[in-house]
Every structure is written in structure tokens, then in C-alpha cells.
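None of the values given here were measured: they were computed from a predicted structure.
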Amino acid sequence: MKKLNVFSTLFVALTFFSCSSDDDSKKEVDYSALIIGEWNFKSQAVNGVNEEFPDECHKNFEYQTYKANGTYQQTEFENHSENGCEEVTPSIGTWSVNDNILNLTSNGEDFIITLTKLDKNTMIWDIDFDYDGDGTLDKYTQELTRKN
């Protein structure tokens, strides 16, 4: 009987302590909800080295939009006539998120992007592709800030 009481006490103690809220620090991020909205470009890097945007139009005016229905659009601007930045045909497609992996189709091309940070104000993502056309994969990182 004494063994039964010891086991019962041990069982109750283990049950009580195993129900502590140590999982609170590992809250899951709902990437699908957080990504919805408009995002401005902030910075980009290739293999860890900051890279300037190709032009001021891209840096100052272009943005990405992720809608709840799974559609994607990148509003684009170019300075074709030297009269300043003018909106041109956007890149369009679809998106979905599984954990921190963003699957993006833009203008018929598929991309697999790793979201390294996503909160209500900041999105940072990485993708491996041949950025400079030398035949070697580069790690391209981009930081965006929420527009709205």
C-alpha cells in the first residue's frame, strides 16, 4: 500500500509539473495571416553583402501585395523616359505559406522562399538563386517593411 501511495504521489506531481507553460516561449507564428498586406522594399543583400537597388524607382516606389485569397502582385516602376518613375506592368501571381516557407509564383515562374523573420512590421526572406549569372547559386536576402 505504501508503494501505491508513493506512485500516486509521484504521478500527480509529474502531471502537475509537466503541464507548466514552458511552451509559451515557442508560440507558433501564423505566417499566412501576417504576410497579408502591402510591403515596401527596404534593403537587399547577396551572400551577406548589402546590395544597392538597381534604381531609385525600385527602392522608393515598388512594393509587394499579398492578399488573403492567395494572390500576389508586385507593383513596379521604371524611369523609361527620364521623366521620373512611372508605373509599369506589375508582376502577378499566387502565394502560399507552409510553416516559414513561402511558395510564390510570379509571372509563371515558381520560387521557394524562406521567411527568416515575419512580424506585423517586418518581413525578411532568403532565396537561393544565381543572382549574378555566374552559374553559382547565391543567397539573396531581402528586407521589407509593412506599407499599410
May I ask you to decide if the ring planes of Y140 and F129 are parallel, tilted or perpendicular, using 30° and 60° as cut-offs?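 It falls in the perpendicular class, over 60°.
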
Name all residues meeting the ring-ring contact (aromatic ring centres under 6.0 Å, His included) criterion together with [X]; count only those two or more places apart in sequence or in a different chain, and write none if there are none.
X	result
F77	F61
F53	H58
Y31	none

Qualifying residues under side-chain contact (heavy atoms from CB on, under 4.5 Å), relative to [X], sequence neighbours excluded:
X	result
S96	N103
N69	K67, T71
D99	none
N50	A45

Output the rest of the hydrophobic cluster of Y63: all Ile, Leu, Val, Met, Phe, Trp and Tyr residues reachable through side-chain heavy-atom contacts under 4.5 Å, sorted by chain and number.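 Answer for Y63: none, a lone residue.
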
Joining Ile, Leu, Val, Met, Phe, Trp and Tyr whenever any side-chain heavy atoms lie under 4.5 Å apart, the cluster holding I112 also takes in I101

Which value, rounded to the nearest 0.5 Å, describes the distance between M123 atom CE and Y66 atom OH? 4.5 Å

Write out all pairs satisfying salt bridge (charged side-chain N to carboxylate O under 4.0 Å, His left out) with one or both partners inside residues 134-143, taking only residues at least two apart or from two chains. K42-E143, D126-K139

Could you work out, with salt bridge (Lys or Arg N to Asp or Glu O under 4.0 Å) as the rule, every residue matching E62, not counting sequence neighbours? none

Any pair counted as disulfide (SG to SG under 2.5 Å), so long as it reaches residues 49-119, sequence neighbours left out: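 The answer is C57-C85.
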
Report yes if the side chains of N107 and I92 come closer than 4.5 Å at any heavy-atom pair, otherwise no. yes

